[in-house]
Every structure is written in C-alpha cells, then in structure tokens.
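Atoms within a ligand are numbered from 1 in the order they appear, just like the ligands themselves. Being a predicted model, the structure only gives us computed values, none of them experimental.
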Amino acid sequence: MFSQPVKRVAALHDLSGVGRVSLTAVIPVLSAMGFQVCPLPTAVLSSHTQFPDYRMVDLTPHIEEFFQHWKTLGMEFDCIYSGFLGSPAQAELLEELMDSFRKPEQLIVVDPVLGDNGMLYASLSSEMIGVMQRLINKAYMITPNITELCLLSDVKYSTSIRLNEIEEMMFALAQKGPRYVVVTSVPVENHPEKTSVIAYEAEANRFWKLSCDYMPASYPGTGDVFTSVLTGALLQGDSLPIALDRATGFILQGVRATFGYQYDARQGILLERVLKYLDAPYQTSSYQMLPFRQKIKS
Ligand code: PXL
C-alpha cells in the first residue's frame with residue numbers, strides 16, 4: 001500500500017468561473033495550508049449566481065460515476081467537505097458518497113449553502129432546505145450563516161434575533177449529529193459596528209464566541225473562505241477556538257485588503273493578496289467562552 005504524505009480532502013462544491021466562490025476559494029486556501037484537494041464539482045457555472053445571466057451546468061447525473069471511479073482507484077480522504085449543491089437530488093448522492101468513503105478520524109464538513117441576509121439564494125428552490133436539513137446530520141462540523149441557521153431550524157429570520165434563541169437552534173441541530181455547529185454573521189447586541197461567529201462544541205457542551213469589526217460590504221465567497229480556513233486549521237490539529245480565531249482573522253485580512261478599492265464587490269475578496277498569510281505564524285487570539293448554560297431546551 002502506498003503512503004499518503006499529505007492529508008487529502010474531497011471537495012464537493014460548484015466550480016464558478018467568476019467571483020471567487022466555492023472551488024475557486026476552497027482549492028487555493030486548502031492547498032496553501034498543505035492539503036491535497038480532490039474536487040468533485042457539483043455544477044459548473046460561468047459565474048456565481050449573484051451576477052445576472054449566469055450559465056450553469058448541473059453535474060448531478062455524473063456524481064455517482066465520478067465517485068465510483070474514485071472507489072476503484074482506492075482513494076481515501078481525511079476530510080470530506082461539501083458546499084453549494086447543483087440540485088436537491090445531489091444531497092442523497094453526497095450522503096451515499098459520505099457513507100461509502102467513511103473512515104475513522106475523518107472530518108466531514110457540510111457548509112449548508114442556502115442563502116444570506118435573510119433570503120434563500122435566487123437559484124435555489126425551497127426543496128433545498130429539506131434536503132440540507134438531512135445532509136447536515138452526516139457532518140462532524142456544519143458552518144451555516146445566521147440566515148442558514150434559521151432556514152435549517154424552520155425559524156423566521158430576523159436581524160434582532162437574540163443570542164439565547166441562536167444557542168437553542170445550534171444545540172437542537174447538534175442533537176441530530178454534528179459535533180461542531182459554527183454560525184457566522186451573527187449580529188452583536190447593541191454593537192452594530194461588530195459582527196460575530198458563535199460555535200457550539202457538543203462533547204464539551206461549550207459555546208465559543210469570536211467578534212470582530214463589521215465592514216459595510218458584502219463579498220460573495222467569504223463563507224467558503226471562512227469554512228476552508230477553519231477546516232484546514234482543524235486538519236492541522238488546532239483546537240476549535242484557535243481554528244475559529246484563524247479563520248475569522250483571515251477573513252478580516254481579506255476584507256481589509258479589498259475594502260479600500262473602488263471595486264465590484266461581486267468579484268469577492270482579493271484572495272490572491274492574502275493567501276500567503278495562511279502560512280504566517282499565528283499571533284492574535286480573541287476568542288471568548290460564553291457562560292455555561294445548564295438548561296438548554298432539546
Ligand atoms: O459562496 C456561496 C455560493 C457558492 N456557489 C454559488 C453561489 C454562491 C453565492 O452566491 O452563487 C454558485
């Protein structure tokens with residue numbers, strides 16, 4: 001048997017030609033962090049779906065033959081990481097793939113890409129919510145943004161949602177399987193200039209919080225970059241709070257590197273300018289542990 005000198009990640013996301021989302025973010029980040037990425041594109045798009053008139057080829061009919069070929073090659077993965085799905089039918093195929101490639105000590109990450117700012121992405125049907133609610137149960141870690149957390153929990157989104165409601169939704173999702181539930185874009189009460197990431201670690205029954213400055217710009221793909229750095233840091237052996245710190249810090253660097261330009265935000269953050277920082281020694285640390293909550297409703 002040949003050895004595998006670097007850890008390997010199966011990346012199940014779309015390939016969008018323009019806009020620095022999904023595979024065009026996942027591959028450079030995880031490669032820069034020292035991992036081999038094996039992409040299985042769920043769809044190929046001319047650009048991401050926030051540009052008008054994009055063209056999309058859904059690869060659902062090919063997913064199974066692709067992963068069966070991987071099986072015949074004897075491929076093994078230290079991590080299986082899924083994101084944007086090309087069709088609701090793909091969720092079942094990805095569940096099959098996850099079962100078929102499961103092995104001990106494997107990190108399964110599902111980024112349930114569904115929407116942002118309170119809305120489902122225009123290209124997705126509401127059927128996608130139901131299939132994503134199932135797919136996340138296979139994951140070790142899920143990384144919804146606050147909109148996606150509400151969609152997955154069948155709760156109406158509101159910008160004034162309270163922290164204890166968020167914690168309850170996270171706890172309820174963790175009861176279904178995921179050990180790490182990481183929620184991004186969480187507003188900070190009474191601090192509109194801030195945004196935060198809240199994470200629940202089921203085994204330890206602990207909630208972590210990372211807050212950082214909110215920049216008044218929205219770049220597609222930051223969720224993909226965030227989850228990729230988080231995944232890479234965990235694969236490198238970091239603890240959850242340190243991995244969260246690194247991922248949040250990297251997004252901030254990327255947004256700051258981009259924000260000063262008069263620039264079409266739909267092109268995403270200037271990832272190429274900041275990728276090298278993924279190799280830099282880790283310095284800052286700002287995570288907090290939230291007060292222990294005895295009585296969370298299940
Ligand atoms: O990063 C989210 C994302 C991924 N893939 C496609 C998208 C988007 C967000 O707009 O359109 C195709």
Heavy-atom nearest neighbour of [atom] within options [options]:
| atom | options | answer |
| --- | --- | --- |
| atom 3 (C) of ligand 1 | Asp111, Val113, Thr222, Asn145 | Val113 |
| atom 5 (N) of ligand 1 | Asp14, Val44, Leu124 | Asp14 |
| atom 8 (C) of ligand 1 | Arg266, His48, Met56 | His48 |

Using heavy atoms and a threshold below 4.0 Å, how should the contact between [X] and ligand 1 be classified: side chain, backbone, both, or neither?
| X | result |
| --- | --- |
| Thr49 | both |
| Ser22 | side chain |
| Asp116 | neither |

request  = Identify, with sequence neighbours excluded, every residue that meets side-chain contact (heavy atoms from CB on, under 4.5 Å) alongside Arg134.
outcome  =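 Only Glu95 meet the side-chain contact (heavy atoms from CB on, under 4.5 Å) criterion with Arg134.
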note = By side-chain contact (heavy atoms from CB on, under 4.5 Å), Ser31 pairs with (sequence neighbours left out) Ile27, Val37
inquiry  = Under 4.0 Å, counting heavy atoms only: does Ser16 come that close to any atom of ligand 1?
reply    = yes
ask   = Between the side chains of Thr227 and Tyr81, does any donor sit under 3.5 Å from an acceptor?
value = no
inquiry  = Show the nearest heavy-atom pair for residues Tyr214 and Lys194, with the distance to one decimal.
reply    = CB-C, 3.8 Å
message = One thing to verify: whether Arg20 and Asp224 come together as a salt bridge, which I'm taking to mean a side-chain N less than 4.0 angstrom from a carboxylate O.
response =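 No salt bridge links Asp224 with Arg20.
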Shortest protein contact, atom 10 (O) of ligand 1 (heavy atom only) =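 The closest heavy atom on the protein side is Gln50 NE2, 2.8 Å.
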task = Compute the shortest N/O to N/O distance between Asp224 and ligand 1 and return yes if it is under 3.5 Å, no if not.
result = yes
task = Output the list of atoms in ligand 1 that are nearer than 4.0 Å to some heavy atom of Leu45, sorted by atom number.
result =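 Contacts of ligand 1 toward Leu45, numbered from 1: 12 (C).
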ask   = About how many Å separate CG of Leu59 and CG of Leu12, when rounded to the nearest 0.5 Å?
value =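 One gets 12.0 Å once the value is rounded to the nearest 0.5 Å.
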inquiry  = Do Val21 and Met56 sit in one hydrophobic cluster, given that two such residues count as connected whenever their side-chain heavy atoms are within less than 4.5 Å of each other, even indirectly?
reply    = no
